[in-house]
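Values below: every heavy atom of this structure, side chains too, minus hydrogens, waters and symmetry copies. By convention here, the first residue in the shown sequence is residue 1.
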Amino acid sequence: MRYAILLLGAPYSHQAAHSALRFARAVIARGHHLEAVFFYRDGVHNAARLASPPQDEPHLVDGWTTLNQEHGVRLEVCIAAALRRGIVDANEAARHGKQGHSVQAPFELTGLGQLVDLGLECDRLVTFGA
């Protein structure tokens, strides 16, 4: 089966982000294909490259990055929700005259149309919310 995840919760504020990452790993371990994770609302904070959790806590940004590197899972961040929360990539930072960017590669800013496409392309779209 082809899966996609919609993540609405910020890391470390709710269990949603940690549960979504564990679910993603379980889907892949079961032999299914995880197409993408779409980060929306406060979930966009999962793409913050400056996150530095204590060493005894899971580093969720690194977890998502590893998932992308090992399995090719796309990490798509809603651009409107991200800009609203100060999460910008290098292109958006330059466009808005900001000094730096805060999006960790390989997260990509995309539009809500990508979420609609995931819903149409995948067998299951599983939502983790706050």
Side-chain angles (χ1 to χ4, degrees):
M1 292 189 82
R2 293 179 62 200
Y3 282 83
I5 293 174
L6 170 60
L7 179 52
L8 306 173
Y12 313 111
S13 296
H14 302 280
Q15 185 64 30
H18 190 255
S19 295
L21 183 56
R22 290 184 57 170
F23 179 80
R25 290 178 178 149
V27 163
I28 292 168
R30 288 274 178 132
H32 300 290
H33 179 72
L34 180 58
E35 189 71 31
V37 180
F38 192 89
F39 301 88
Y40 188 48
R41 296 186 185 160
D42 284 340
V44 301
H45 290 289
N46 285 275
R49 72 181 179 95
L50 300 176
S52 300
Q55 291 181 355
D56 63 342
E57 292 182 15
H59 197 302
L60 296 175
V61 176
D62 286 353
W64 292 117
T65 301
T66 300
L67 194 71
N68 168 270
Q69 292 168 347
E70 293 178 354
H71 303 286
V73 176
R74 294 191 325 264
L75 305 174
E76 300 176 346
V77 181
C78 176
I79 190 168
L83 292 176
R84 197 172 281 124
R85 290 164 176 83
I87 306 293
V88 296
D89 64 8
N91 291 335
E92 290 301 313
R95 189 165 81 93
H96 293 281
K98 302 296 179 187
Q99 297 265 333
H101 69 281
S102 56
V103 173
Q104 172 74 36
F107 290 85
E108 295 182 47
L109 296 182
T110 62
L112 279 174
Q114 293 297 112
L115 176 59
V116 173
D117 288 345
L118 285 173
L120 294 171
E121 295 170 4
C122 295
D123 299 310
R124 299 283 186 273
L125 175 62
V126 181
T127 302
F128 290 85

For [X] against [Y], the heavy-atom pair lying closest together:
| X | Y | result |
| --- | --- | --- |
| R49 | V103 | CD-O, 3.8 Å |
| W64 | A24 | CZ3-CB, 4.3 Å |
| A16 | G129 | CB-O, 3.3 Å |
| T65 | P106 | CG2-CD, 3.7 Å |
| A10 | A17 | O-CB, 4.2 Å |

Between [X] (side chain) and [Y] (backbone), is there a donor-acceptor pair under 3.5 Å?
| X | Y | answer |
| --- | --- | --- |
| H33 | C122 | no |
| Y12 | L60 | yes |
| H32 | M1 | yes |

When rounded to the nearest 0.5 angstrom, what is the spacing between [atom1] in [X] and [atom2] in [Y]?
| X | Y | atom1 | atom2 | result |
| --- | --- | --- | --- | --- |
| R41 | R84 | CZ | CZ | 11.0 Å |
| T110 | L115 | OG1 | CG | 8.5 Å |
| R95 | E92 | CZ | CD | 4.0 Å |
| H45 | L7 | NE2 | CG | 11.5 Å |
| N91 | H96 | CG | NE2 | 10.5 Å |

Pairwise side-chain contact, [X] with [Y], heavy-atom cut-off 4.5 Å (strictly under):
| X | Y | result |
| --- | --- | --- |
| L67 | I28 | yes |
| L75 | Q104 | no |
| N68 | F107 | no |
| D42 | R85 | yes |
| L125 | F38 | no |
| L118 | L6 | no |
| N46 | V37 | no |

Under a 4.5 Å side-chain heavy-atom rule over Ile, Leu, Val, Met, Phe, Trp and Tyr, are Y3 and F39 clustered together?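 Yes: a chain of side-chain contacts under 4.5 Å links Y3 to F39.
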
Using the rule that two of Ile, Leu, Val, Met, Phe, Trp, Tyr join whenever any of their side-chain heavy atoms come within less than 4.5 Å, decide whether L112 and L83 are in one cluster.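 Cluster IDs for L112 and L83 differ.
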
With sequence neighbours left out, write down each residue that passes side-chain contact (heavy atoms from CB on, under 4.5 Å) with A82, or none if nothing qualifies.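 With neighbours one apart ignored, the set is V44, V77, I87, L109.
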
List the residues meeting side-chain contact (heavy atoms from CB on, under 4.5 Å) with A93, not counting sequence neighbours, and say none if there are none.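 A93: side-chain contact (heavy atoms from CB on, under 4.5 Å) contacts with V88, K98, H101.
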
Look at the rings of F23 and F128 and say which category their plane angle falls in: under 30° parallel, 30 to 60° tilted, over 60° perpendicular.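 Judged by the thresholds at 30° and 60°, the geometry between F23 and F128 is tilted.
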
E108 atom CD, over 12 foreign heavy atoms within 6.0 Å: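 Check fails, neighbour count at 12 or below.
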
